[in-house]
Amino acid sequence: MRKNTDFFELIYDVAREIPRGRVTSYGAIGKYLGSGKSARMVGWAMNVAHSQKKIVPAHRVVNRNGELTGKHHFGHPKLMQKLLEKEGIKVKNDKVVNFEKLFWYPDVELKL
DNA sequence: TGGGTGACCATAG
DNA sequence: ACTATGGCCACCC
């Protein structure tokens with residue numbers, strides 16, 4: 001059961017469910033949460049999460065094109081790519097390789 | 001109350 | 001590849 005008090009928690013919860021070596025998109029999470037949440041909120045929540053020092057694998061969340069748009073928010077631009085490669089995800093030119101294969105669909109895998 | 005912002009998305013040119 | 005526009009919606013002045 002999830003609280004509705006903070007929609008951040010919903011986003012964090014979904015993000016934490018992303019399996020190691022898989023990625024998803026802001027839009028997918030937003031769509032999964034549905035009910036009026038948009039992709040911008042997800043990215044914004046990630047920013048807040050980082051500020052709050054919440055344990056959220058934000059490096060597994062990229063935009064719909066598989067680009068590491070949020071890499072500048074990890075303290076160092078190369079950190080995000082490094083974390084991904086550490087999990088076996090290949091990154092080329094700031095984009096996830098085999099993005100479609102590695103894509104993790106919250107609404108399919110989680111399926112509340 | 002209203003304007004600005006944003007780790008997005010879609011479409012258009 | 002690029003900018004521009006509209007939509008999205010919570011947050012912060």
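Chain letters run A, B, ... following the sequence lines, proteins first, then strands; residues in each count from 1.
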*Take the protein atom OH of A:Y26 and the nucleotide atom P of B:dA7, then report the distance between them rounded to whole Å.*
9 Å
*Take the protein atom CG of A:L33 and the nucleotide atom P of C:dA10, then report the distance between them rounded to whole Å.*
12 Å
_Is it the case that the side chain of A:R22 and the backbone of A:F103 share a donor-acceptor pair, with hydrogens and angles ignored and the cut-off at 3.5 Å?_
yes
_Separation of C:dA1 C1' from A:E67 CD (nearest whole Å)_ = 12 Å
*Ignoring the backbone of A:F8, work out which of B:dC9, C:dC9, C:dC11 is nearest its side chain.*
C:dC11
*asked:* At 4.0 Å (heavy atoms only), tell me whether A:N47 reaches a base, stays on the sugar-phosphate, or touches nothing.
replied: base
*Base, sugar-phosphate, or nothing for A:H72, non-hydrogen atoms under 4.0 angstrom?*
nothing
*Separation of A:M41 atom CE from C:dG7 atom P, in whole Å?*
16 Å
*Hydrophobic cluster identity match, A:Y105 and A:L102, side-chain contacts under 4.5 Å*: yes
*Grab the CD1-P distance between A:I11 and C:dA10 for me, whole Å please.*
10 Å
*Does A:R64 or A:M80 map to a spot on DNA chain B nearer the 5' end, using the closest nucleotide for each?*
A:M80
_Which nucleotide in C:dA10, B:dA7, B:dC9 has an atom nearest any side-chain atom of A:F7_ = C:dA10
*asked:* If you only use heavy atoms from C-beta on, which nucleotide in B:dA7, C:dA10, B:dC9 is closest to the side chain of A:A58?
replied: B:dA7
*asked:* Nearest to the A:S38 side chain among C:dC8, C:dC11, B:dC9, which nucleotide is it?
replied: C:dC8
_A:V91 vs A:K82, test: side-chain contact (heavy atoms from CB on, under 4.5 Å). Steps then yes/no._
CA-CA 9 Å; A:V91 178; A:K82 201 158 189 173; over 6 Å; no
*asked:* Measure CD/A:Q52 against C1'/C:dC11 and give the value in whole Å, please.
replied: 13 Å
*Quick one: A:W44 CH2 to B:dC9 P, roughly how many Å, whole number?*
17 Å
*Could you tell me whether the side chain of A:R60 and the main chain of A:A15 form a donor-acceptor pair under 3.5 Å?*
no
*asked:* Just the rounded figure in Å: distance from C1' of B:dA7 to CD1 of A:I18.
replied: 13 Å
_Against A:F99, only a single residue in A:I89, A:N65, A:V23 fulfils side-chain contact (heavy atoms from CB on, under 4.5 Å); can you say which?_
A:V23
